[in-house]
Amino acid sequence: MKDRDCLALRVRSGRLTLLDQSRLPHVQAWFAVDDVDTLVEAIHALRTRGAPMIAIAAALLVAVRVEAGDDRETVGRAIARLREARPTAVNLMHAMDALARALEQEDWRTAVVHNAEALFDNDRALCDAMAEHGAALIGAGERILTHCNTGGLATAGIGTALGVIRRAHERDNSISVWVDETRPLLQGGRLTAWELGELGIDYRLITDSMAASFMAAGEVDRVLVGADRIAANGDFANKIGTYGLAVLAHHHGIPFGVVAPHTTVDAGCATGAAIPIEQRLAAEVRGVTGAAGELSWAPANATVANPAFDVTPAELIDHWILDTGVFDRMEVEAGVFQFGGAAVGF
Ligand SMILES: CSC[C@H]1O[C@H](OP(=O)(O)O)[C@H](O)[C@@H]1O
């Protein structure tokens with residue numbers, strides 16, 4: 001397998017290493033991933049994260065194990081185990097299903113490795129295509145609100161929603177970004193703020209509860225978010241807090257766009273109600289764990305609800321910005337995300 005590099009993942013001399021996103025922005029530490037247990041733990045702990053990135057990391061680890069000599073049965077077990085590592089983002093399932101099909105081929109070793117390499121290489125092109133389609137919608141000086149992290153850390157390329165913002169900024173550096181900190185794990189405050197700072201894109205970090213007031217004050221021109229799974233009717237799951245932004249944007253007449261590769265569309269999922277929502281640890285809401293250890297502000301026995309994602313219904317969405325084009329509500333209602341639809345491509 002050839003060496004490959006992106007912002008949060010490296011394959012060098014057949015070894016996979018990942019940037020530990022749980023320690024950003026203050027510590028940039030890489031860790032080796034030589035086995036399935038290590039990657040499953042890293043995915044659970046969001047040391048690697050983002051719908052496209054977890055699929056790519058899983059696929060490349062399988063390819064590493066194939067080249068290390070694992071037999072077909074061992075590789076099959078690895079694929080099945082990785083497929084279940086997180087339930088909401090469908091990219092992981094699509095990638096593992098593709099590797100499982102490759103495993104059935106006579107020259108399965110070559111087929112699995114080539115599939116994994118293609119996933120990485122294609123993702124970069126998907127990001128560029130989303131960026132081109134999305135940037136065409138953005139006007140001069142727009143102030144764009146985004147949620148969670150959807151940039152180079154979450155993909156093998158320039159990102160999804162953040163990739164659109166980056167491309168728009170390259171064409172007009174008067175745009176600016178409202179960055180939701182994104183409780184409880186602060187992907188916005190830690191990761192998006194870091195990425196935008198590195199790119200020199202003007203942003204202001206806000207708490208999630210501030211978005212409504214800035215919209216009411218007329219200071220938000222557009223909302224752009226990523227997605228973990230898009231259902232056939234256009235509903236989508238994304239980081240918790242996205243649904244509330246969509247309701248607010250609809251109330252204030254602000255265009256709301258979801259940005260994702262077509263591999264995030266799950267044509268087999270009829271509506272958002274069928275999307276499994278990952279429930280996470282209570283400790284993430286009671287406090288925070290950082291470089292200095294644990295800081296808890298809630299009672300140790302506080303009962304907690306911690307869904308990691310929510311579902312936004314199609315009627316609140318103005319644009320679905322995919323690598324295959326920008327789709328509006330009429331096209332989505334006409335079934336563009338159904339099997340074989342223009343957007344889905346399979
Ligand atoms: C382009 S990544 C899409 C999606 O993944 C993030 O979730 P997590 O940080 O838990 O992996 C977030 O929902 C992003 O919008």
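All ligand and atom numbering here is 1-based and tracks the order in the structure.
Using a 4.0 Å cut-off between heavy atoms, V225 makes no contact with ligand 1 at all. Neither the backbone nor the side chain of H147 comes within 4.0 Å of ligand 1, counting heavy atoms alone. At a heavy-atom distance under 4.0 Å, only side-chain atoms of Q187, from C-beta outward, approach ligand 1.
Residue contact check for ligand 1: A227 places a non-hydrogen atom closer than 4.0 Å to it. Put simply, part of R86 is less than 4.0 Å from ligand 1, judged by heavy atoms.
At the top of the distance list for atom 9 (O) of ligand 1, counting protein heavy atoms only, stands R49 NE, 2.7 Å. Nearest to atom 14 (C) of ligand 1 among the protein's heavy atoms is N238 OD1, 3.5 Å. For atom 2 (S) of ligand 1, the nearest non-hydrogen atom of the protein is A51 N, 3.4 Å. What sits closest to atom 1 (C) of ligand 1 on the protein, heavy atoms only, is T160 OG1, 3.5 Å.
Below 4.0 Å from some heavy atom of A154 lie the following atoms of ligand 1, by number and element: 1 (C), 2 (S). Atom numbering of ligand 1 starts at 1 in the shown order; those under 4.0 Å from a heavy atom of C148 are 6 (C), 9 (O), 12 (C). Of all atoms in ligand 1, listed by their number and element, those nearer than 4.0 Å to a heavy atom of P52 are 1 (C), 2 (S). If you number the atoms of ligand 1 from 1 as listed, the ones under 4.0 Å from a heavy atom of G50 come out as 2 (S), 5 (O), 11 (O).
Taking both residues in full, the closest heavy atoms of Q21 and R190 are given as O-NH1, 2.8 Å, listed atom of the first, atom of the second, then distance. Closest approach of N233 and V332 over heavy atoms only: O-CG1, 3.4 Å. When all heavy atoms are compared, the tightest approach of F256 to T242 is CZ-CG2, 4.0 Å.
Residue H250 qualifies as open at atom NE2: its count of foreign heavy atoms under 6.0 Å is 12 or below.
The CD1 atom of I165 lies 5.0 Å from the CD1 atom of I144; values are rounded to the nearest 0.5 Å. Going from atom CG of L245 over to atom CG of L224 covers 11.5 Å, rounded to the nearest 0.5 Å.
The nearest non-hydrogen atom to atom 13 (O) of ligand 1, considering only T264, L153, D228, I43, comes from D228.
The only member of D34, D35, D70 that meets salt bridge (charged side-chain N to carboxylate O under 4.0 Å, His left out) when paired with R65 is D70.
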Open item on the list: Between R167 and E132, is the salt bridge (charged side-chain N to carboxylate O under 4.0 Å, His left out) condition met? List the steps.
Closed with: CA-CA 7 Å; R167 184 70 81 247; E132 289 301 318; 2.9 Å; yes

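Looking at N149 next to ligand 1, no N or O pair under 3.5 Å apart turns up.
Residues R49 and N149 bring a donor and an acceptor atom of their side chains to less than 3.5 Å of each other. Using modelled atom types, one finds no donor on one side chain facing an acceptor on the other under 3.5 Å when comparing T182 with D180.
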